[in-house]
Amino acid sequence: MFISLIIIFSLAASCRREERVPDDVISQEKMGQIFIDLAMAEAFVENFSPKDSTVAKDSLIQIEMDKILAIHKVDQTQFEASYNFYKLHPTLFKQLADSAYSKTQKSRDTSLLRRIPVKL
């Protein structure tokens with residue numbers, strides 16, 4: 001009985017332990033910014049690429065992705081490894097996604113406020 005209680009308390013304590021991002025994984029902040037940039041690039045390709053283009057949209061998106069990773073000084077391997085890490089750690093992934101979403105909403109709201117005409 002005593003051993004069962006120790007095991008239960010150990011499991012409960014380990015569940016509450018804060019997850020940590022290893023040093024070789026892209027930080028949540030930087031990964032979130034990469035996600036934002038990738039979403040904007042994909043939307044751009046989807047909305048503004050020529051409809052009759054002989055270049056596939058996937059190729060155009062990959063070109064944009066390569067540019068974005070270069071801007072952030074991240075290579076494809078590092079990005080994929082970090083992405084896979086976050087997929088395996090849903091709590092960290094949710095924090096990353098929520099933060100990125102919040103930033104895009106704040107940016108959008110600020111942008112829209114600038115465009116509201118002032119009545120004189």
Side-chain angles (χ1 to χ4, degrees):
M1 180 68 174
F2 180 70
I3 293 177
S4 298
L5 287 174
I6 290 175
I7 292 172
I8 290 171
F9 284 119
S10 297
L11 288 172
S14 68
C15 290
R16 281 186 253 167
R17 212 177 303 153
E18 187 174 323
E19 293 184 86
R20 188 176 95 54
V21 178
D23 293 338
D24 62 334
V25 171
I26 299 169
S27 71
Q28 286 179 296
E29 177 74 25
K30 188 171 187 175
M31 195 70 164
Q33 189 57 54
I34 292 170
F35 280 173
I36 291 168
D37 292 346
L38 289 173
M40 290 173 53
E42 185 174 354
F44 178 81
V45 168
E46 288 293 328
N47 292 304
F48 297 108
S49 63
K51 303 300 179 211
D52 62 347
S53 175
T54 57
V55 180
K57 284 187 181 181
D58 288 346
S59 297
L60 294 173
I61 290 171
Q62 185 61 50
I63 291 168
E64 294 302 314
M65 182 176 187
D66 292 343
K67 290 178 191 176
I68 290 164
L69 294 179
I71 289 168
H72 290 281
K73 296 178 176 64
V74 172
D75 64 37
Q76 185 78 31
T77 304
Q78 185 183 16
F79 174 77
E80 288 174 3
S82 297
Y83 180 71
N84 289 332
F85 169 82
Y86 286 113
K87 282 194 327 187
L88 293 173
H89 296 85
T91 302
L92 294 175
F93 192 90
K94 183 173 180 344
Q95 291 171 354
L96 182 160
D98 288 349
S99 176
Y101 178 77
S102 175
K103 285 179 186 173
T104 57
Q105 287 300 105
K106 186 182 289 186
S107 176
R108 181 181 159 271
D109 293 346
T110 301
S111 177
L112 289 175
L113 285 174
R114 288 186 197 143
R115 294 182 183 165
I116 296 174
V118 177
K119 294 182 181 181
L120 299 175

What pair of heavy atoms forms the shortest contact from I61 to E42, and how long is it? CD1-CG, 3.8 Å
In the hydrophobic clustering that connects Ile, Leu, Val, Met, Phe, Trp and Tyr at side-chain heavy-atom distances below 4.5 Å, which members other than L69 occupy its cluster, ordered by chain and number? V21, V25, I26, M31, I34, F35, L38, M65, I68, V74, F79, Y83, F85, Y86, L92, F93, L96
For N84, give me all partners under side-chain contact (heavy atoms from CB on, under 4.5 Å), at least two apart in sequence or on another chain. K87
For Q95, check side chain to side chain donor-acceptor pair (under 3.5 Å) against everything at least two apart and list the hits. Q28
Heavy-atom pair of closest approach, residues G32 and A100: O-CB, 3.9 Å
Verdict with supporting geometry, Q78 and H72, side chain to side chain contact (heavy atoms under 4.5 Å, CB included): CA-CA 11 Å; Q78 185 183 16; H72 290 281; over 6 Å; no
Checking Y101 now: which residues fulfil ring pair (Phe, Tyr, Trp, His ring centres under 6.0 Å) with it, not counting sequence neighbours? none
Return each pair, listed once, that meets salt bridge (charged side-chain N to carboxylate O under 4.0 Å, His left out) where at least one residue sits in residues 25-37; pairs must be two or more places apart or across chains. E29-K103
Tell me, yes or no, whether the heavy-atom count around K94 atom NZ, taken from other residues, nucleotides or ligands under 6.0 Å, exceeds 12. no
side-chain contact (heavy atoms from CB on, under 4.5 Å) filter on S59, not counting sequence neighbours, yields V55, A56
Tell me, which pairs form a salt bridge (charged side-chain N to carboxylate O under 4.0 Å, His left out) where one or both residues lie in residues 67-81, sequence neighbours left out? E64-K67
Do you see a donor-acceptor pair shorter than 3.5 Å between the side chains of D66 and Q62? yes
